[in-house]
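Note sheet for the following structure.
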Number of protein chains: 2
Amino acid sequence: METKFSNKLSDIRLHYKIWMSDDQETGIMGDGKWQMLKLIEEKGSMKAACDELGYTYRRTWGNLKKIEQFFGFPLLDKTRGGTDGGHTVLTEEGKRLVKAFDAFHNTVDDQIQLGFERFIQELKK
Amino acid sequence: METKFSNKLSDIRLHYKIWMSDDQETGIMGDGKWQMLKLIEEKGSMKAACDELGYTYRRTWGNLKKIEQFFGFPLLDKTRGGTDGGHTVLTEEGKRLVKAFDAFHNTVDDQIQLGFERFIQELKK
DNA sequence: TACCGATATGCACCGAACGACCTATCCAAA
DNA sequence: TTTGGATAGGTCGTTCGGTGCATATCGGTA
């Protein structure tokens with residue numbers, strides 16, 4: 001089918017953000033923090049994770065602090081000092097949080113993509 | 001089950017935004033614009049829709065212009081003048097766009113909510 | 001015990017988004 | 001032909017999060 005929309009549809013990009021907040025609307029978990037936590041676990045270091053994702057250390061540190069303040073217990077096991085300067089890994093709770101968010105994304109990602117494809121198809125009709 | 005997370009889980013709120021952009025990352029369709037287009041059709045007026053949603057007319061006008069510029073044809077049928085000052089309704093294409101986005105949300109909303117509930121359940125374990 | 005590199009934190013600055021404000025324009029109905 | 005209310009569009013200041021830069025602190029290892 002050919003509609004007025006047709007020639008533009010291939011230029012449309014889909015975006016979405018999913019996040020969770022406390023009742024003050026302070027973001028306590030979202031795609032950025034999720035990705036960061038995963039990479040910290042992988043790298044064993046906040047700094048290394050920040051460098052790879054291109055976030056500033058300053059910003060990341062503040063964001064992660066918000067999460068811990070909300071939950072009231074640490075998600076990160078942070079160590080300072082040593083020749084290597086220090087390192088950071090996830091606590092058991094941190095790992096559980098990441099894992100739960102993994103499952104969450106697994107549930108929704110495909111559906112959103114599917115919905116988007118249907119959206120495009122619908123405009124082609 | 002009782003975990004460290006338990007006493008905070010009821011305070012967590014879910015948020016999500018889904019939108020589409022052109023390749024310049026200019027937003028061409030999203031929840032805000034979608035809601036606005038629907039309300040314009042219902043009210044027959046941009047101003048009335050803005051007042052109800054609490055958006056400024058200025059902002060809305062600029063946003064809607066972006067969409068039309070991207071597609072290259074009007075989504076809104078705007079009339080100025082007359083005792084009532086003017087009115088705005090959707091063109092056929094505007095209606096189709098809104099309808100496609102309606103269907104899109106129908107596809108994903110329930111899934112996201114379901115995923116969130118599972119997320120909470122997972123942390124309770 | 002001196003060192004090194006990461007964690008920890010304050011602060012001034014910057015830019016984009018948005019709000020507030022203003023003015024111009026249009027035209028059917030009175 | 002006057003008018004009222006909505007559309008059309010420029011501008012400027014503010015807000016808010018992020019960036020950049022600073023400095024302090026920590027403690028295994030050489």
Side-chain angles (χ1 to χ4, degrees), chain A residues 15 17 19-22 24-33 35-37 39-70 73-91 94, chain B residues 15 17 19 21-22 24-33 35-37 39-69 73-91 94:
Chain A
H15 307 259
K17 283 188 184 184
W19 74 102
M20 298 163 193
S21 75
D22 63 9
Q24 307 298 311
E25 302 305 306
T26 302
I28 51 174
M29 192 61 185
D31 296 338
K33 296 180 182 70
Q35 199 180 13
M36 180 57 70
L37 287 174
L39 201 56
I40 287 172
E41 181 67 5
E42 186 187 323
K43 297 275 180 184
S45 157
M46 255 178 76
K47 184 172 188 314
C50 291
D51 289 347
E52 177 145 337
L53 290 179
Y55 293 149
T56 61
Y57 181 89
R58 188 68 191 79
R59 170 186 173 185
T60 299
W61 182 87
N63 281 340
L64 297 180
K65 189 175 183 179
K66 282 183 200 164
I67 314 181
E68 293 194 329
Q69 278 180 340
F70 170 77
F73 53 82
L75 300 168
L76 296 165
D77 189 354
K78 293 171 272 190
T79 308
R80 292 199 292 184
T83 302
D84 64 348
H87 47 89
T88 298
V89 294
L90 299 187
T91 61
Chain B
H15 307 260
K17 284 188 183 183
W19 74 102
S21 74
D22 62 10
Q24 307 300 310
E25 302 305 306
T26 301
I28 52 174
M29 193 59 184
D31 296 338
K33 297 179 180 70
Q35 199 180 12
M36 179 60 69
L37 287 174
L39 200 56
I40 288 173
E41 181 66 5
E42 185 188 324
K43 297 275 179 184
S45 158
M46 252 178 79
K47 183 172 190 314
C50 292
D51 288 348
E52 177 145 335
L53 290 179
Y55 292 150
T56 60
Y57 181 88
R58 188 66 189 79
R59 171 185 173 185
T60 298
W61 182 86
N63 280 340
L64 296 180
K65 188 173 184 180
K66 281 183 202 166
I67 313 183
E68 294 193 329
Q69 279 181 338
F73 52 83
L75 300 167
L76 297 165
D77 190 354
K78 292 171 272 191
T79 309
R80 290 198 293 182
T83 304
D84 64 349
H87 48 87
T88 298
V89 294
L90 300 187
T91 61

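Numbers restart at 1 for each chain; the letters A, B, ... are given by sequence-line order, proteins then strands.
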Rounded to the nearest 0.5 Å, the CD atom of B/Glu52 sits from the OG atom of B/Ser45 at a distance of 11.0 Å
Does A/Glu68 use its side chain to pair, donor to acceptor, with the backbone of A/Pro74 at less than 3.5 Å?
no
For the pair made of CG in A/Asp84 and C1' in D/dT25, what is the distance, rounded to whole Å?
15 Å
For a quick test of reading the model: is some side-chain N or O of A/Thr88 closer than 4.0 Å to OP1 or OP2 of C/dT7?
yes
Find the distance A/Met36:CE to D/dG18:C1' and express it as a whole number of Å.
14 Å
Identified side-chain contact (heavy atoms from CB on, under 4.5 Å) partner of B/Leu64 from the options B/Leu75, B/Thr88, B/Leu37
B/Leu37
Distance check needed: C/dC26 P versus B/His87 NE2, whole Å only.
16 Å
Nearest atoms (heavy-atom pairs only) where A/Gly32 meets A/Tyr55:
CA-OH, 4.3 Å
From the set D/dT7, C/dG19, D/dG10, return the single nucleotide nearest to any side-chain atom of B/Arg58.
D/dG10
Can you tell me the distance, in whole Å, between the CD atom of A/Glu68 and the P atom of C/dT9?
11 Å
Starting at the 5' end of DNA chain C, which residue's closest nucleotide do you reach first, A/Ala48 or B/Lys66?
A/Ala48
Any donor-acceptor pair under 3.5 Å linking the side chain of A/Thr26 with the backbone of A/Asp22?
no
Ignoring backbone atoms, establish whether A/Thr56 has a side-chain N or O less than 4.0 Å from OP1 or OP2 of D/dT19.
yes
Within residues 74-82 of chain A, find the residues that approach DNA chain C with a heavy atom at under 4.0 Å, and present them sorted by residue number.
A/Lys78, A/Thr79, A/Arg80, A/Gly81, A/Gly82
Can you tell me which nucleotide in C/dT7, D/dG20, C/dC18 comes closest to the side chain of B/Arg59?
C/dC18
What integer distance in Å separates A/Asp51:CG from C/dG5:P?
14 Å
Chi angles and distances behind the side chain to side chain contact (heavy atoms under 4.5 Å, CB included) call for B/Trp61, B/Met46:
CA-CA 8 Å; B/Trp61 182 86; B/Met46 252 178 79; 3.7 Å; yes
Could you please name the option among D/dA6, D/dC21, C/dA8 that lies closest to any side-chain atom of A/Met46?
C/dA8
With the side chain of B/Trp61 defined as its heavy atoms from C-beta on, choose the nearest nucleotide among D/dG9, C/dT7, D/dG20.
D/dG9
Reckon B/Lys65 has a side-chain N or O less than 4.0 Å from the OP1 or OP2 of D/dG9?
yes
For the atom pair NZ (B/Lys78) and CG (B/Leu90), what is the distance rounded to the nearest 0.5 Å?
11.0 Å
According to a strict under-4.0 Å criterion, is B/Tyr57 in side-chain N/O contact with OP1 or OP2 of D/dT7?
yes
